Amino acid sequence: MVLAELGGSISRALQQMSNATIIDEKVLNDCLNDITRALLQSDVQFKLVREMQANIKSIVNLDDLAAGHNKRRIIQQAVFNELCKILDPGKPSFTPKKGKPSVVMFVGLQGSGKTTTCTKYAYYHQKKGWKPALVCADTFRAGAFDQLKQNATKAKIPFYGSYMESDPVKIAVEGVERFKNENCDLIIVDTSGRHKQEAALFEEMRQVSEATKPDLVIFVMDSSIGQAAFDQAQAFKQSVAVGAVIVTKMDGHAKGGGALSAVAATKSPVIFIGTGEHMDEFEVFDVKPFVSRLLGMGDWSGFMDKIHEVVPMDQQPELLQKLSEGNFTLRIMYEQFQNILKMGPIGQVFSMLPGFSAELMPKGQLDSSNPKLMNESRMMRIARGSGRPVREVMEMLEEYKRLAKIWSKMKGLKIPKKGEMSALSRNMNAQHMSKVLPPQMLKQIGGMGGLQSLMKQMGSAKDMMGMFGGGDK
Ligand SMILES: Nc1nc2c(ncn2[C@@H]2O[C@H](COP(=O)(O)OP(=O)(O)OP(=O)(O)O)[C@@H](O)[C@H]2O)c(=O)[nH]1
């Protein structure tokens, strides 16, 4: 079961429970059993799941809940807290500081995605103005150095390695030395991976660690590892001081629950996840937004960050002006879709919205049917011209109609002048939002009451500004 499915199963279990007229012991037990089953199917370690179930039961005491309390809310919150507890070891990992040299060593089994992840990690920091460097201390796999060299060259990141030298410790020490002298502030050491946990791998890893004295050891784990994750992560932790975890291939069809187990085994946080083979398919991992997304509760801040990333600042006021005039054209839709495509997989982005899970919004979900907007011959012409089937043109138009309807409800939204955030706060109230949201989504949030508290949680309407194209940042 992939993580998106896990989220879907948990959300369904909670939804089913809330459909019950009375939430009694039996309804709660059924719900918890469904959640337990989903977690086990996702390869979360049995012991962790049992503990979680027991904890929820001890927190949620139905008898104690006064009438009128939203029991579903309380149970959902308990599930949320417990999942966060599994994923949050309680202490943050060492965080390198820009401008101050840090050595970060990567460990993991062969094929886990270690070498790829080293480059992604370097590239991520380089984009933020760091001076990273890569050292290939993998002398076991022929081709490892070439792979690192190729990736590093592509990303214009300095690298160090050797075709001749067979001692990984020597290479690691030389590389770290050189890059310290070159004032690099993030020196990343890639170590050998083997097919399975073997004594020689651990001994070599230990020696590299002893010689280079890394500030942080990152354990890279393939999300498809399954139930073996706990033992594997623990074995690594026992040999070197693992301080953080990166889970790779979260984009695949693998069961992802092993990630939760790895955190428990290493008592170290997941700091990033790999979501593809490309250099920038790499995301910072935050426990609360992640669990929130998993449970279909949304992640506004992540969503807004994405929007801010992709809607060019200079286009934002103009867009807001057009929308406020109720002027939602096909061109606007086209431009916004172009922006959305830059945001990454659609499902991933929509899963940041409350009421959606990645499962509910698979790729291509923007399709729907029954268009009446243009006549047939015009649609045929467009289809021919664009080399797409007529069906797709029809679906695109149907989607346009749906969005246009939503945006027409935003007509009259007052545009704040620079610095006038409060004006928008007043305009963009829960009433407005409730008209825009699909009814199913509104229900999932908890109706008007839920929406109001969600908007409060968002702090201010400031983030919403980005979404609708404005902002006085
Ligand atoms: N889909 C997907 N593929 C990934 C991801 N991360 C790595 N890969 C792929 O996984 C394969 C193995 O990655 P490597 O980086 O070579 O693995 P490694 O752990 O360094 O292997 P060794 O050096 O032999 O220990 C490659 O084909 C990568 O492109 C990811 O997040 N998503």
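Quantities reported herein were computed from a predicted structural model and do not represent experimental measurements.
Residue Gln150 places its CD atom among 12 or fewer non-hydrogen atoms of other residues, nucleotides or ligands, all under 6.0 Å distant. The neighbour count for Lys127 NZ, taken as heavy atoms of other residues, nucleotides or ligands under 6.0 Å away, is above 12.
Residues Thr266 and Lys237 share a closest heavy-atom pair of O-NZ, 3.0 Å. Summarising the geometry of Asp138 relative to Ser192, their closest heavy-atom pair is OD1-OG, 3.1 Å, with the distance given to 0.1 Å. Between Ile171 and Glu165, the shortest heavy-atom contact is CG1-CG, 3.6 Å. Closest of all the heavy-atom pairs between Ala155 and Met279 is CB-CE, 3.6 Å. Across Cys136 and Leu148, no two heavy atoms sit closer than the pair CB-CD2, 3.4 Å. Between Thr117 and Val220 the shortest heavy-atom distance is OG1-CG1, 4.0 Å.
Here the OG-CE distance, from Ser224 to Met250, works out to 11.5 Å after rounding to the nearest 0.5 Å. Note that the CZ atom of Arg178 and the CZ atom of Phe159 stand 9.5 Å from one another [nearest 0.5 Å]. Here Tyr160 contributes atom OH and Glu177 contributes atom CD; the two are 10.5 Å apart, rounded to the nearest 0.5 Å. Put simply, NZ on Lys180 and OG1 on Thr212 are 8.5 Å apart, with the number rounded to the nearest 0.5 Å. Here Ile157 contributes atom CD1 and Asn151 contributes atom CG; the two are 9.0 Å apart, rounded to the nearest 0.5 Å.
With salt bridges taken as basic N to acidic carboxylate O contacts below 4.0 Å, one links Glu210 and Arg206. Look at Lys100 and Asp185 and you find no salt bridge, because none of the NZ, NE, NH1 or NH2 atoms lies under 4.0 Å from a carboxylate O. Using a 4.0 Å cut-off between a side-chain N of Lys or Arg and a carboxylate O of Asp or Glu, Lys85 and Glu82 qualify as a salt bridge.
For the pair Ser223 (side chain) and Lys249 (backbone), a donor-acceptor distance under 3.5 Å is present. Put simply, the side chain of Gln126 never gets that close to the backbone of Ala133: no donor and acceptor are under 3.5 Å apart. A donor-acceptor pair under 3.5 Å links the side-chain atoms of Ser112 to the main chain of Leu109, judged by distance alone. The closest donor-acceptor contact from the side chain of Lys131 to the backbone of Glu182 lies under 3.5 Å. Looking only at distances, no side-chain donor or acceptor of Ser93 sits under 3.5 Å from a matching main-chain atom of Ala244. Between the Thr116 side chain and the Lys114 main chain, no donor and acceptor come within less than 3.5 Å of each other. Looking at Asp286, its side chain never comes within 3.5 Å of a backbone N or O of Lys288 through a donor-acceptor pair.
Below 30°, between 30° and 60°, or above 60°: for Phe272 and Phe282 the angle between ring planes is below 30°, a parallel geometry.
Inspection of the Glu203 and Gln207 side chains reveals an N or O donor paired with an N or O acceptor under 3.5 Å. Side-chain atoms of Thr115 and Asp190 form a donor-acceptor pair, as typed in the model, at a separation below 3.5 Å.
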Problem - Derivation of the side chain to side chain contact (heavy atoms under 4.5 Å, CB included) call for Leu134 and Thr119 - result: CA-CA 8 Å; Leu134 291 158; Thr119 327; 4.2 Å; yes
Practice task
For Thr139 and Phe145, run side chain to side chain contact (heavy atoms under 4.5 Å, CB included): C-alpha distance rounded to whole Å, both residues' side-chain angles, the deciding distance at 0.1 Å, then the answer.
Solution key: CA-CA 8 Å; Thr139 51; Phe145 178 44; over 6 Å; no
Problem - Check against side chain to side chain donor-acceptor pair (under 3.5 Å), Tyr163 and Lys149 - result: CA-CA 11 Å; Tyr163 292 111; Lys149 194 170 148 185; 3.2 Å; yes
Problem - Test side chain to side chain contact (heavy atoms under 4.5 Å, CB included) applied to Met52 and Leu39, step by step - result: CA-CA 10 Å; Met52 176 178 167; Leu39 288 166; 3.6 Å; yes
Practice task
Go through the steps for Val284 and Ile271 under the test side chain to side chain contact (heavy atoms under 4.5 Å, CB included), then give the verdict.
Solution key: CA-CA 6 Å; Val284 174; Ile271 50 171; over 6 Å; no
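The side-chain heavy atoms of Pro269 and Phe285, taken from C-beta on, include no pair separated by under 4.5 Å. Taking 4.5 Å as the limit, some side-chain heavy atom of Trp130 sits within range of a side-chain heavy atom of Pro96. Two residues are said to be in side-chain contact when any heavy atoms from C-beta on lie closer than 4.5 Å; Ile246 and Ile273 fail this criterion. Tyr121 is listed as a side-chain neighbour of Leu186, based on a closest heavy-atom distance under 4.5 Å. Here the side chains of Glu204 and Thr191 are not in contact, with every heavy-atom distance at 4.5 Å or above. Here the side chains of Met105 and Met205 are in contact, with some heavy-atom distance below 4.5 Å. Taking 4.5 Å as the limit, some side-chain heavy atom of Val135 sits within range of a side-chain heavy atom of Ile187. Looking only at side-chain heavy atoms (C-beta outward), Phe236 and Leu201 come within less than 4.5 Å of each other.
Under the side chain to side chain contact (heavy atoms under 4.5 Å, CB included) test applied with Ser209, the options Val240, Val189, Val107 reduce to a single match, Val240.
Between Phe106 and Phe219, the distance from one ring center to the other does not fall under 6.0 angstrom.
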